[in-house]
Amino acid sequence: QVQVVESGGGLVQPGGSLRLSCATSGFTFSSARMIWYRQAPGKERELVAVITSAGRIDYAASVKGRFTISRDNAKNTLYLQMNSLKPEDTAVYYCKPGGFTSWGQGTQVTVSS
């Protein structure tokens, strides 16, 4: 059974930083393409960042240069380092392995002064 548990969200001031984590189980993490998504209030869920099993990385244009996706295959864990946060980054952040339909509960990120 595929499980993902996101953590690390919180309230941060504009310009601040947060590091999100996604602990996974139930599939071969090292072989999986892993994706961070986010969903802001009243908006559709959007892709934030992707990292393949080979380490290829892509970002949404809105976060490029500010966010960094990484993975630790030994710990079956995905990360998202978020710097220079903006109010428009406020959303619930989710991680998901590519090709699976299971979603976690997400972690809330709120950027506000």
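Excluded from the calculations below are hydrogen atoms, water molecules and symmetry mates; all remaining heavy atoms, backbone and side chain alike, are included. Keep in mind that this is a model prediction, so the values were computed, not measured.
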Donor-acceptor check, side chain of [X] to backbone of [Y], threshold 3.5 angstrom: yes or no?
| X | Y | answer |
| --- | --- | --- |
| T28 | S30 | no |
| T90 | V111 | yes |
| E6 | C95 | yes |

Would you say [X] and [Y] are hydrophobically clustered, going by side-chain heavy atoms of ILVMFWY under 4.5 Å?
| X | Y | value |
| --- | --- | --- |
| V63 | L85 | yes |
| I57 | I35 | no |
| W36 | V92 | no |
| V12 | Y93 | yes |

State, with a plain yes or no, whether a side-chain heavy atom of [X] is found less than 4.5 Å away from one of [Y].
| X | Y | value |
| --- | --- | --- |
| E88 | P14 | no |
| M34 | T24 | yes |
| L47 | R38 | no |
| S112 | P87 | no |

Determine whether T68 and Y59 satisfy the following criterion, side-chain contact (heavy atoms from CB on, under 4.5 Å), listing intermediate values before the conclusion.
CA-CA 9 Å; T68 302; Y59 297 100; 3.9 Å; yes
Indicate whether any N or O donor in one side chain lies under 3.5 Å from an N or O acceptor in the other, for R45 and Y37.
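Y37 and R45 do not have a side-chain donor-acceptor pair below 3.5 Å.
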Measuring from atom [atom1] of [X] to atom [atom2] of [Y], what distance do you get when rounded to the nearest 0.5 angstrom?
| X | Y | atom1 | atom2 | value |
| --- | --- | --- | --- | --- |
| I69 | Q81 | CD1 | CD | 12.5 Å |
| N76 | Q3 | CG | CD | 12.5 Å |
| F67 | L20 | CZ | CG | 8.0 Å |
| S17 | M82 | OG | CE | 8.5 Å |

Indicate the atoms forming the closest heavy-atom contact of [X] with [Y], along with that distance.
| X | Y | value |
| --- | --- | --- |
| S21 | T77 | CB-CG2, 4.4 Å |
| V2 | P97 | CG1-CG, 4.1 Å |
| L80 | A49 | CD1-CB, 4.3 Å |
| F29 | L78 | CZ-N, 3.9 Å |

For F27 and F100, run ring-ring contact (aromatic ring centres under 6.0 Å, His included): C-alpha distance rounded to whole Å, both residues' side-chain angles, the deciding distance at 0.1 Å, then the answer.
CA-CA 10 Å; F27 63 100; F100 293 93; 5.5 Å; yes
Which pairs count as salt bridge (charged side-chain N to carboxylate O under 4.0 Å, His left out) when at least one residue sits in residues 61-84, sequence neighbours excluded?
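Of all non-adjacent pairs touching residues 61-84, those that pass salt bridge (charged side-chain N to carboxylate O under 4.0 Å, His left out) are R66-D89.
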